[in-house]
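Keep in mind it's a predicted model, so treat the numbers as computed, not measured. We count residues from 1, following the sequence as given.
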Amino acid sequence: MAAITASLFVFLTTELMPIGLLTPLSESLGVSVGAAGLMVTAQGVAAGLGVPFIVAWTRRVDRRRLLTTLLAVLAIGNLITSIAPKYPLILGSRLIMGFASGVFWAIGVSMAMRIVPERHASRAAAVVMSGISIATVVGIPLGTLLESAGGWRTTFLIWSGLSALVFLAVAITIPSLPSANAVSVREVFALPVKNVPLREVLLMVVLFVLGHFGAYTFVRPYLEESTSAAAGFITVVLIVFGIGGAFGNFLGGLTVRRSPRGSFVVGGLLLISALAMLPAADSGDIGVIAAMALWGVAFGVVQLSQINMTLAAAPDTFEAAMSLNTMAYNTCIAAGALIGGLFADHIGVTSVVWFGIVLMALSVILRATTGRRTTPAN
């Protein structure tokens, strides 16, 4: 379990690391900040669009062997990033790492749920998903600190070594896991056509991710404009959000086994409440911190609930269903940021909060009025 959680940590921190390093990256490589940001975009788009195909093509590969291969790709990709003299080579390596990252998201949670007794499957998913919060709270700030001490190339070199260590941990500790519920590419894309509950879950994920990331991507400029928050305070509230997410994962692990649908609805309502608190908080630091903490808790619960609802909707084809979930999730992160940016540029940065509230409300309504045909994962 620790090895799989560590895998999520290194995959996610690698994907998000450039966010904290954009200025030194752009200056060193002679590209604009916007072009440097493509390092995140390229990896995210590859993770979303490639995963259904790769999961289907590797459907007969032992999952331990597949995960070690993905970690090897990550270690080599980070190494190339640390020594590449030109930006196109870095961008190409990020694209390949994106494919590996997407496949991990499709198989990682499933692997964790398979190596524990069935009654602990939901809690196993919660433990693995805590890697998201660890990456948010520890990984990104640590990468920025390493850059200030030794440069951005040193940061990626260290992350290459860390990926190699996780590779060894997976190879040594995880038992052989022959591929389960293998399906072809055609069958993967036919799943939401034939499986109505899965189709409803995927639509709910689209609305949730668009709303959440449409707002969260612009939380810094929103706080700077509406509360005159300084950079140090913004760092604090983002860490508070990550800690809240870790607690939300723990809380979700206790509730989703009984009702993933109910957990999603309650978590979604809490997320809407947190977003609504932000404008009300105005310039009060305590109010902003409380809103971000609640947002983090709600996000952790909703995130875990949607994974369990995917399992409940397609228990016999979970990996294939998760590949579609991953595709929807990652592409909607990019779309949410794009739409949120349009709102921020043309209406004002405050509008992204209301965009998030509306989309999250639609997701909650969809989940509250559908999904009764699914049964909770045991």
Side-chain angles (χ1 to χ4, degrees), residues 5 8 105-106 108-110 112-113 116 118-133 136 192 195-213 215-216 241-242 244-275 293-315 318 321-322 324-326 328-330 332-333 336 356-357 359-378:
T5 305
L8 188 152
W105 281 104
V109 175
S110 174
M113 297 172 84
V116 299
E118 187 176 355
R119 65 184 183 277
H120 295 314
S122 295
R123 293 186 181 181
V127 170
V128 172
M129 296 304 291
S130 69
I132 296 176
S133 300
T136 303
N195 187 329
V196 175
L198 177 61
R199 185 165 68 241
E200 293 170 349
V201 170
L202 291 176
L203 178 57
M204 174 271 302
V205 168
V206 167
L207 293 171
F208 150 58
V209 176
L210 284 174
H212 168 76
F213 284 97
Y216 184 72
F241 176 89
F247 180 75
N249 276 320
F250 171 77
L251 185 63
L254 301 177
T255 63
V256 295
R257 184 173 177 270
R258 296 179 181 177
S259 176
R261 177 173 167 270
S263 296
F264 181 89
V265 170
V266 173
L269 291 174
L270 291 176
L271 201 156
I272 293 169
S273 300
L275 289 174
L294 180 61
W295 190 355
V297 171
F299 176 72
V301 172
V302 170
Q303 177 80 337
L304 188 61
S305 299
Q306 62 92 8
I307 289 176
N308 277 266
M309 286 188 294
T310 303
L311 172 60
F318 180 49
M322 273 304 297
L324 293 173
N325 182 304
T326 302
Y329 200 104
N330 281 277
C332 286
I333 288 175
I357 289 174
L359 269 291
M360 194 67 230
L362 290 174
S363 183
V364 169
I365 292 170
L366 175 65
R367 187 72 313 195
T369 56
T370 63
R372 293 180 177 87
R373 281 161 291 192
T374 64
T375 56
N378 292 321

**Student:** Please name all residues satisfying side-chain contact (heavy atoms from CB on, under 4.5 Å) with Leu270, sequence neighbours left out, ordered by chain then number.
**Tutor:**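 Testing Leu270 for side-chain contact (heavy atoms from CB on, under 4.5 Å), a comparison that skips the adjacent residues, returns Val266, Leu294, Ala298.
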
**Student:** Please name the pair of heavy atoms, one in Ile307 and one in Phe318, separated by the smallest distance, quoted to 0.1 Å.
**Tutor:**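 Distance-wise, the nearest heavy atoms are O-CE1, 4.0 Å.
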
**Student:** Looking at CD1 of Ile357 and CG of Leu271, how far apart are the two atoms once the value is rounded to the nearest 0.5 Å?
**Tutor:** 9.5 Å

**Student:** Taking only residues two or more places apart in sequence or in another chain, which ones pass side-chain hydrogen bond (donor to acceptor under 3.5 Å, both in side chains) with Ser305?
**Tutor:**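 For Ser305, no residue satisfies side-chain hydrogen bond (donor to acceptor under 3.5 Å, both in side chains) once neighbours in sequence are set aside.
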
**Student:** With rounding to the nearest 0.5 Å, note down the distance linking CG in Asn308 to CD in Gln303.
**Tutor:**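 Answer for the CG-CD pair, Asn308 versus Gln303, is 11.0 Å.
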
**Student:** I need the Leu359 CG to Leu275 CG distance, nearest 0.5 Å.
**Tutor:** 11.0 Å

**Student:** Measure across Phe247 and Val297 and return the closest heavy-atom pair with its distance rounded to 0.1 Å.
**Tutor:** CD2-CG2, 3.9 Å

**Student:** Please check if the side chain of Arg261 supplies one atom and the backbone of Arg367 the other of a donor-acceptor pair under 3.5 Å.
**Tutor:**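 It does hold such a pair.
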
**Student:** So which heavy atom on Thr255 is nearest to which on Ser263, and how close?
**Tutor:** OG1-OG, 2.9 Å

**Student:** If you compare all heavy atoms of Gly267 against all heavy atoms of Val301, which two are closest, and at what distance to 0.1 Å?
**Tutor:** CA-CG1, 4.2 Å

**Student:** Within a radius of less than 6.0 Å around CZ of Phe250, do more than 12 heavy atoms belonging to other residues, nucleotides or ligands occur?
**Tutor:**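 For Phe250, atom CZ is not crowded (no more than 12 foreign heavy atoms under 6.0 Å).
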
**Student:** In Å and rounded to the nearest 0.5 Å, what is the CE to CG distance from Met309 to Leu311?
**Tutor:**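 Rounded to the nearest 0.5 Å, the CE-CG separation comes out at 11.5 Å.
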
**Student:** Return the minimal non-hydrogen interatomic distance between Trp295 and Ala274, and the atom names on each side.
**Tutor:**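 Between these two residues, the closest heavy atoms are N-CB, 3.5 Å.
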
**Student:** Got a sec, which residues hit side-chain hydrogen bond (donor to acceptor under 3.5 Å, both in side chains) with Thr310, two or more places apart in sequence or on another chain?
**Tutor:** Asn325

**Student:** Working note: Tyr216 + Phe299, criterion ring pair (Phe, Tyr, Trp, His ring centres under 6.0 Å); need CA distance, chi angles, decisive distance, verdict.
**Tutor:** CA-CA 11 Å; Tyr216 184 72; Phe299 176 72; 7.5 Å; no

**Student:** List the atom pairs, donor and acceptor, that lie under 3.5 Å between side-chain atoms in residues 204-211 and the rest of the protein, sequence neighbours left out.
**Tutor:**
none

**Student:** Minimum heavy-atom separation for Gln306 and Val201, please, with both atom names.
**Tutor:**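 Here Gln306 and Val201 meet closest at O-CG1, 4.3 Å.
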
**Student:** Check whether any side-chain heavy atom of Ser363 lies under 4.5 Å from a side-chain heavy atom of Phe264, and answer yes or no.
**Tutor:**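 Heavy-atom side-chain distance check passes, below 4.5 Å.
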
